[in-house]
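Here is the structure we will look at.
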Amino acid sequence: AFAAELEYAELTGASLIEAKAHVGLLCVQSLQGSVDNPRLQGDELSHRNVIMDAAVVCERLWMQFGTWLNHERSLYLCALTFNRFGQWQSALDSAGKALVIIESNGVEEVDRAFLLLQVSKACQGLGNRGSADEALHAADRIAQGFDSQLSRWFLDVRSKLKVADFVPAD
């Protein structure tokens with residue numbers, strides 16, 4: 001892990017202490033699948049770049065030292081982060097890699113549904129409404145099998161996609 005933190009520090013020009021703090025925060029968040037932390041909401045270009053770089057380093061850490069599930073979820077964090085900052089193609093690429101990991105290793109329908117929400121958002125950002133609708137409807141179909149607590153979480157995440165003009169799922 002130290003090598004990845006050192007790589008991050010060199011990549012971003014941050015001190016090693018700052019790198020450890022950012023990578024630690026992002027690794028914890030990758031387990032939670034959230035970039036809603038107020039510390040990650042800045043819109044300054046340097047802030048955005050550091051956060052995106054840290055998400056990529058976090059993904060490398062989980063790929064090297066975690067399970068396939070940790071790696072897949074760190075790619076979800078990357079997709080969330082890239083979508084947050086309008087990096088639509090990078091978000092789509094990260095979500096796509098995560099979906100391939102799931103298909104290659106097992107059944108993880110909950111993660112798949114949340115990844116499809118990020119695919120939908122990225123496709124919407126890229127102006128590809130057909131693919132955005134398709135991903136959203138696929139996520140909705142999976143979510144129909146969720147219990148009430150998971151359904152509330154899914155609907156909360158879905159509501160933040162700003163997809164009010166999407167066609168409702170059948």
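Note: L75 CG to Q118 CD = 12.5 Å, rounded to the nearest 0.5 Å. Between atom CG of residue L99 and atom CG of residue L116 there is a gap of 5.5 Å, rounded to the nearest 0.5 Å.
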- Message: For a side-chain contact (heavy atoms from CB on, under 4.5 Å) check, start with the C-alpha distance between R158 and L136, then their side-chain angles and the critical distance, and finish with the verdict.
- Response: CA-CA 9 Å; R158 187 187 192 283; L136 185 66; 3.2 Å; yes
- Mind running salt bridge (Lys or Arg N to Asp or Glu O under 4.0 Å) on E108 and R73 for me, showing each step along the way? CA-CA 11 Å; E108 193 59 49; R73 289 179 178 168; 3.5 Å; yes
- With side-chain contact (heavy atoms from CB on, under 4.5 Å) as the test, would you mind laying out the steps for R60 and V56 before giving the verdict? CA-CA 6 Å; R60 287 184 197 152; V56 170; 3.9 Å; yes
- Task: Would you check, one step at a time, whether the test salt bridge (Lys or Arg N to Asp or Glu O under 4.0 Å) holds for D156 with K160?
- Result: CA-CA 7 Å; D156 180 56; K160 294 175 185 173; 3.4 Å; yes
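In plain terms, the two heavy atoms of I102 and W68 that are nearest each other are CA-CZ3, 4.0 Å. S120 and A132 get closest at one heavy-atom pair: OG-O, 2.9 Å. Nearest approach of A95 to L115, heavy atoms of both residues: CA-CD2, 4.0 Å. Across all non-hydrogen atoms, the minimal contact from A113 to A139 is O-CB, 3.5 Å. Closest heavy-atom contact between M52 and F82: SD-CD2, 3.7 Å. Heavy-atom minimum distance, A143 versus S151: O-OG, 4.0 Å.
Using a 4.5 Å cut-off on side-chain heavy atoms (C-beta onward), N105 and T67 make no contact. When side chains are defined from C-beta on, W88 does not count as touching Q124, because their heavy atoms never get closer than 4.5 Å. In this structure, I142 and F154 have side chains that are not in contact, with every pair of non-hydrogen atoms separated by 4.5 Å or more. Between V107 and E109 the shortest side-chain heavy-atom distance falls below 4.5 Å.
A salt bridge is defined here as a Lys NZ or Arg NE, NH1 or NH2 lying under 4.0 Å from an Asp or Glu carboxylate O, and R112 with E72 fails to meet this definition.
Note: the hydrophobic cluster containing L117 does not contain V100 (ILVMFWY, side chain heavy atoms under 4.5 Å, direct or indirect links).
Judged purely by distance below 3.5 Å, without hydrogens or angles, the side chains of Q89 and D93 pair a donor atom with an acceptor atom.
Considering C58, S90, S94 as possible partners of C78, the one that fulfils the side chain to side chain contact (heavy atoms under 4.5 Å, CB included) test is S94.
Note on ring orientation: taking the six-membered ring where Trp is involved, the planes of F114 and F146 are parallel (angle under 30°, cut-offs 30° and 60°).
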